[in-house]
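Chain A is the first sequence line, chain B the second, and so forth, proteins listed ahead of strands; every chain is numbered from 1.
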Amino acid sequence: MTKTLIIVLGPTGIGKTNLSISLATHLKTEIISADSRQIYQELHIGTAVPDSQQLHTVKHHFIQSHSIHNYYNASQFEIEVLQKLNSLFENYDTVIMSGGSMLYIDVVCNGIDDLPQIDPDTRIQLENRLKNEGLESLRTELQKIDPEYYQLADLKNHKRILHALEIYYSTGKKYSSYRTNVKKVRDFTILKIGLNTDRALLHERINLRVDQMIQNGLIEEARKVYPYKQLNSLNTVGYKELFSYFDHEITQEAAIELIKRNSRRYARRQLTWFNKDQAINWFNINQEETIISFIDDTLKEITIQPQQNR
RNA sequence: GGUGCCAUAGCUCAGUUGGUAGAGCAACGGACUGAAAAUCCGUGUGUCCCUGGUUCAAUUCCAGGUGGCACCA
């Protein structure tokens with residue numbers, strides 16, 4: 001029997017959660033969340049995790065399963081999801097994955113190169129050097145060490161430069177030597193369902209959802225994790241803006257407006273990424289019936305002609 | 001009803017001694033293989049309220065209209 005992973009994706013606030021629960025109920029299966037922030041157990045309101053009723057209806061994985069205090073990345077997500085899928089496919093022919101974290105979805109579909117573990121001190125040292133010497137100096141260094149990567153790197157993006165250098169200083173080998181540019185092949189079929197709607201309506205939904213989060217107690221939730229605000233996991237829309245408010249840098253109203261704006265911008269970046277992916281089957285919101293019959297039809301085809309990504 | 005002021009980008013406004021215009025915010029486009037809700041790069045998107053008049057040329061000057069605000073009745 002061919003196994004199929006159905007991926008529900010789309011911009012933030014579009015309604016992926018509701019759709020994925022309907023699909024999982026229809027297909028009698030479970031849901032893997034592909035969301036880089038819903039994965040943190042300390043976050044709840046600001047990340048819009050499914051509510052307890054929804055979690056009760058369908059079993060979810062990678063929702064509030066990790067701590068903000070533990071470093072996490074896309075590569076770990078690939079490994080953990082593949083393990084989870086392995087065991088889920090023992091019981092189910094189809095599994096739903098739902099989320100908006102573009103890289104996390106990509107990593108499950110196409111894999112990510114194996115890189116060595118970087119020792120945290122190297123990163124801290126390089127961050128200090130960036131602060132003291134500036135990006136230009138590190139960039140020149142990278143040009144000497146790894147001209148191949150320098151050629152294609154985003155040279156104004158300090159994270160990219162730093163990453164390449166920290167790999168070199170941790171291992172003595174060039175970052176470019178680890179980049180295979182090879183997509184891993186999965187032993188299951190992938191079916192991508194994209195959800196989208198008019199931009200104006202999407203913005204309306206996002207703004208409304210932020211107001212609801214505030215009503216539901218986002219400010220209190222953010223205050224609880226405020227002591228750890230320097231953690232990467234809390235460099236997150238909905239929290240970082242409130243931290244600025246707690247620090248008396250902006251008013252509460254301004255923070256709320258910024259959460260809305262940054263959510264809108266995040267949605268745009270998601271769409272930029274997803275629009276490149278020709279394999280996505282796009283639907284508008286409120287097309288649940290259409291989507292279900294599309295999936296049913298496609299699953300039938302897959303059992304006849306397996307091993308194709310659609 | 002009268003008088004005065006205002007009308008320019010999605011919003012708040014600047015400006016053109018007459019040669020079709022620019023700031024902030026918002027917005028839009030793009031990149032992205034271990035921090036990805038992160039990080040980075042790029043882009044003015046305009047019937048200058050409407051209709052006439054003067055002028056080679058009007059968003060700008062003049063008249064009328066419409067809408068808004070203020071004050072006086």
> Hey, is the side chain of A/Asn275 poking within less than 4.0 Å of OP1 or OP2 on B/G30, counting only N and O atoms?
Replying inline: no

> Going by an N to O cut-off under 4.0 Å, is there a salt bridge joining A/Glu78 and A/Arg186?
Replying inline: yes

> So does A/Arg199 get a side-chain nitrogen or oxygen closer than 4.0 Å to the phosphate oxygens (OP1/OP2) of B/C28?
Replying inline: yes

> Closest approach of A/Leu242 and A/Ala255, non-hydrogen atoms and distance?
Replying inline: CD2-CB, 4.2 Å

> Nearest to the side chain of A/Lys276 - B/A35, B/C41, B/A31?
Replying inline: B/A31

> Taking only side-chain nitrogens and oxygens of A/Arg265, does any of them come within less than 4.0 Å of OP1 or OP2 of B/A26?
Replying inline: yes

> For A/Tyr239, which contact category applies under a 4.0 Å heavy-atom criterion: base, sugar-phosphate, or nothing?
Replying inline: nothing

> Under 4.0 angstrom, heavy atoms only, what part of the nucleic acid is A/Tyr71 near: base, sugar-phosphate, or nothing?
Replying inline: sugar-phosphate

> Reckon A/Arg160 has a side-chain N or O less than 4.0 Å from the OP1 or OP2 of B/U39?
Replying inline: no

> What is the distance from CG of A/Leu155 to C1' of B/U39, rounded to the nearest Å?
Replying inline: 14 Å

> Just to confirm, is there a sub-4.0 Å distance from OP1 or OP2 of B/G34 to any side-chain nitrogen or oxygen of A/His163?
Replying inline: yes

> Would one find a side-chain N or O of A/Tyr104 under 4.0 angstrom from OP1 or OP2 of B/A36?
Replying inline: yes

> Looking at A/Arg261, does any N or O in its side chain come under 4.0 Å of the phosphate oxygens OP1/OP2 on B/C25?
Replying inline: no

> B/G29 base to A/Arg268 side chain: any donor-acceptor pair below 3.5 Å?
Replying inline: yes

>> If you only use heavy atoms from C-beta on, which nucleotide in B/A35, B/G34, B/A31 is closest to the side chain of A/Glu127?
In response: B/A35

>> Rounding to an integer number of Å, can you tell me how far A/Asn235 CG sits from B/C40 P?
In response: 10 Å

>> I need the OH-P distance between A/Tyr266 and B/C28, as an integer number of Å.
In response: 16 Å

> In terms of base orientation, is B/G34 syn or anti, with the syn window spanning 90° either side of 0?
Replying inline: syn

> Taking only N and O in the side chain of A/Thr272, is any of them less than 4.0 Å away from OP1 or OP2 of B/G29?
Replying inline: no

> With a non-hydrogen cut-off below 4.0 angstrom, is A/Asp35 in contact with a base, only sugar-phosphate, or nothing?
Replying inline: base

> What nucleotide among B/A31, B/G34, B/G42 has an atom nearest to a side-chain atom of A/Ile112?
Replying inline: B/G34

> Below 4.5 Å, heavy atoms only, C-beta onward: do A/Val81 and A/Ile32 meet side chain to side chain?
Replying inline: yes

>> Under 4.0 Å between a side-chain nitrogen and a carboxylate oxygen: does that hold for A/Glu42 and A/Lys224?
In response: no

> Is there a Watson-Crick or G-U wobble partner for B/A70 with both distances under 3.5 Å, and which nucleotide is it?
Replying inline: B/U3

>> Quick check for you: among B/U33, B/A27, B/A36, whose closest atom lies nearest to any side-chain atom of A/Arg179?
In response: B/U33

> Rounded to the nearest Å, what distance is computed from the CG atom of residue A/Leu271 to the P atom of nucleotide B/A31?
Replying inline: 13 Å

>> For A/Glu257, is there an ion pair with A/Lys260 - N to carboxylate O distance below 4.0 angstrom?
In response: yes

